[in-house]
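Structure first, then comments.
Chain letters run A, B, ... following the sequence lines, proteins first and then strands; every chain starts at 1.
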Amino acid sequence: MQTLSAARVNELRLKANDVRQGIIRSLVAAGSGHSAGPLDMADVFTALYGYLLRHDPANPEWTERDRLLLSCGHIAPVRYSAMANFGYFPVEELLTLRKFGSRLQGHPERVRLPAVETTSGPLGEGLAQGVGMALGAKMDHKDFHVWVVTSDAEHQCGLHWEAVMTGAKFALGNLTAIIDRNFIQIDGSTEEVMPLEPLADKYRAFNWEVLECDGNDMAAFIETAERALEVKNKPQVIVAKTLAGKGVSFMEGDYTWHGKPPNAQQADEALHELQAERERILAGA
Amino acid sequence: MRSVEGRPDAAAEAMHLVDYRAGDLKQVPTRNGMGEGLIEAGSRDRNVLGICADLSESTRFEGFKKAHPDQYIEIGVSEQMLVAMAGGLAAVGKIPWIASYAMFNPGRSWEQVRTIMALNETNVKIAGAHAGVSVGPDGATHQAIEDIAIMRVIPHMMVVVPCDAVQTKKAVLALSQAWGPTYLRFGRDKSPVFTTEQTPFTIGKAQTFREGGDVAIVACGILVYNGLIAADQLAREDGIEARVVNNHTIKPMDEDAIVDAARACGAIVTVEEHQKQGGMGSRVAEILAATHPAPIEFVGVDDRFGQSGDPAELIEYYGMGVDAIKAATRRAYARKRATG
Ligand SMILES: Cc1ncc(C[n+]2csc(CCOP(=O)(O)OP(=O)(O)O)c2C)c(N)n1
Ligand SMILES: [Mg+2]
């Protein structure tokens, strides 16, 4: 396990702040799209692209790269913003989000943007594809790792659990699922719409290695992910507890921000708050 | 000079349409008609249920949930469960309306639809929301443009695609009373309202919205409006008089109306917000090939996927705008003249 310096953590937190600002800018330019999930996963995506993944933005189709799948495609703005901020394409391109002809489709499409690995949006299909990739890697003795980011409400899809079962059958140690456990979905709280708890126990019962952490704490998440990577004999899941809309006070914890963008004034406010947060990080807070 | 009956406007008057040429038509999404119709259906019959898979607001089931909380069920992101559970509820006497985006139900749940709803003959009603490319910025993953094809090939299935919000409400009420598995397709974006409370609606009965003897534009869904506008412009610009048929029931299709249009007009243009392959137009072609062959031009998406964009921009880009319909109509008319 590598040791993560405080300076490196701060650098990543600043990057996550850039990612959040990119999310807000792209959403307000698009005039539609999802706010809450992307914001709450900014730390996880920054940790992945900035620290955990073996990847090369200049060579996105490098065959030995780790595979990162975004199963819940509606939170694409966080992935796009992280990709732009880590050099996959110019940050200005974020302003084409959801526009006609853009590579940044409302839900990610591999054919238009190969580095997203797969097309997603219809929920519950990512982990199954991750199982296929991890199994293929094992068959060919490749050592790349497969990461799948899933939302919590995706755990209401039958296919997702078929994938959980299959991942365990093939003891896929090269597969890590990350759950955006923000407790929200479109119609309200996950526990009211269709209760998911005890979620971690369900994975344990399916023979997965289960780790839990605060998905908005950069150091804690990276430390947890590194522990997951040490497990070689079964697939791992990180239940990353996040705060929906994290970083923008008037969105935080509010499910109604699942599927709408900020208007111009709200975006200004959000960027103002994020800028203040940035200064706090710079001041070492 | 045509007879009064043949006057283009006579059909619109008989159908109690509002003047669709007026620039200030009310714009209402067809999904609003879904919501209003369901509330009324739920009051008329307490066995009518509304079941949602985590999309109550955008499918417009929210109003039903408020009006009839005891008849409402939320099941989360589980479209296969939605169909299968509804089959069980129907088996014990309920009339479940089940809602998601058309892409996921019947898109994801198709085999359950075929087996549990149709082969098993249960009284389940699918509300297929966000159909067509007019979903807009969500992009191809969310734009159902194959749903008519996959539903119309299932035996016993009723498939209805109403032309505006007012007609959608009528369709919900009619389908709630018609026993059997049904699929109602509607859209997300605002679209012009040009039918009225007085406009008749019967499942399986196509409607002539404009008279004309040169060519027939047979359309369904929100594109019926584009068909009417195209017909009016063609009359002014080319002197071509097109009959416009609102072919809202894809299954069972009004075969008499289709054959009559072919006999009277000699050429057909089909218009739908769907792949050209396998949809409403394909059914029209099947009927005419077996009865009264005539030149047909198909307006729809040509074997491609949609993408992100504004609804109007996408309708134009994928060849379903007024100009595309006019061009197809001219082609159909020319083919008829060349062969006739
Ligand atoms: C199969 C399928 N059904 C329905 C939808 C519509 N939909 C988009 S996001 C979502 C659920 C949102 O909850 P969650 O996945 O937890 O995301 P969050 O709101 O936390 O970002 C639904 C039902 C979909 N994309 N795919
Ligand atoms: Mg969630």
Side-chain angles (χ1 to χ4, degrees), chain A residues 27 29-34 71-74 76 96-113 118-125 150-162 184-196 255-256 258-261, chain B residues 50-59 61-62 65 72-85 99-109 111-112 129-130 133 135-144 188-189 304-318:
Chain A
L27 284 171
S32 71
H34 303 79
S71 184
C72 45
H74 67 277
T96 69
L97 174 70
R98 295 181 151 251
K99 299 232 157 74
F100 184 78
S102 172
R103 297 194 289 175
L104 310 185
Q105 291 288 297
H107 294 81
E109 288 185 28
R110 185 184 67 83
V111 173
R112 290 174 192 271
L113 188 63
T118 194
T119 298
S120 60
L123 294 169
E125 300 178 344
T150 77
S151 69
D152 46 6
E154 279 190 290
H155 289 75
Q156 294 158 357
C157 301
L159 175 56
H160 184 85
W161 292 103
E162 296 171 36
I184 66 154
Q185 60 187 106
I186 297 179
D187 284 351
S189 137
T190 56
E191 300 317 287
E192 276 163 31
V193 171
M194 182 54 68
L196 299 172
Y255 77 89
T256 66
H258 153 85
K260 65 180 180 196
Chain B
I51 315 181
C52 270
D54 197 28
L55 288 167
S56 62
E57 193 274 333
S58 56
T59 59
F61 273 45
E62 213 171 44
K65 175 183 175 176
Y72 177 81
I73 302 170
E74 168 69 75
I75 61 145
V77 194
S78 313
E79 292 80 11
Q80 293 167 297
M81 179 67 188
L82 188 63
V83 175
M85 182 176 82
S100 181
Y101 296 156
M103 198 59 249
F104 310 132
N105 185 35
R108 173 164 296 190
S109 54
E111 187 274 330
Q112 283 79 33
H130 283 42
V133 295
V135 167
D138 272 350
T141 54
H142 283 54
Q143 295 165 351
R188 168 183 180 272
D189 196 34
R304 288 188 289 175
F305 288 112
Q307 63 175 307
S308 294
D310 292 333
E313 181 175 49
L314 295 172
I315 292 285
E316 287 298 323
Y317 179 77
Y318 287 100

With rounding to the nearest 0.5 angstrom, report the [atom1] to [atom2] distance, [X] to [Y].
X	Y	atom1	atom2	result
B:His142	B:His130	NE2	NE2	8.0 Å
B:Ile51	B:Leu82	CD1	CG	6.5 Å
A:Glu154	A:Leu196	CD	CG	11.0 Å

Against chain A, label [X] side chain, backbone, both or neither, depending on which of its atoms sit under 4.5 Å from a heavy atom there.
X	answer
B:Glu57	backbone
B:Leu55	both
B:Phe305	neither

Would you check, one step at a time, whether the test side-chain hydrogen bond (donor to acceptor under 3.5 Å, both in side chains) holds for A:Thr150 with A:Ser71? CA-CA 5 Å; A:Thr150 77; A:Ser71 184; over 6 Å; no
So which of B:Asp310, B:Val77, B:Thr141 has the largest heavy-atom pair count under 4.5 angstrom toward chain A?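 Between B:Asp310, B:Val77, B:Thr141, the count favours B:Val77.
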Quick check for you: among B:Gly136, B:Ser56, B:Ser308, B:Gly139, which has the greatest number of heavy-atom pairs under 4.5 Å with chain A?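 When all of B:Gly136, B:Ser56, B:Ser308, B:Gly139 are compared, B:Ser308 has the most.
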Minimum heavy-atom separation for B:Gly76 to A:Met194, with atom names? CA-CB, 4.3 Å
Using heavy-atom distances under 4.5 Å, tell me whether A:Thr190 contacts chain B through its side chain, its backbone, both, or neither.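 Contact with chain B: none, neither part.
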Turns out that what part of A:Glu192 lies under 4.5 Å from chain B's heavy atoms comes down to neither
I'd like to know whether CZ of B:Arg304 has more than 12 heavy-atom contacts from other residues, nucleotides or ligands below 6.0 angstrom. yes
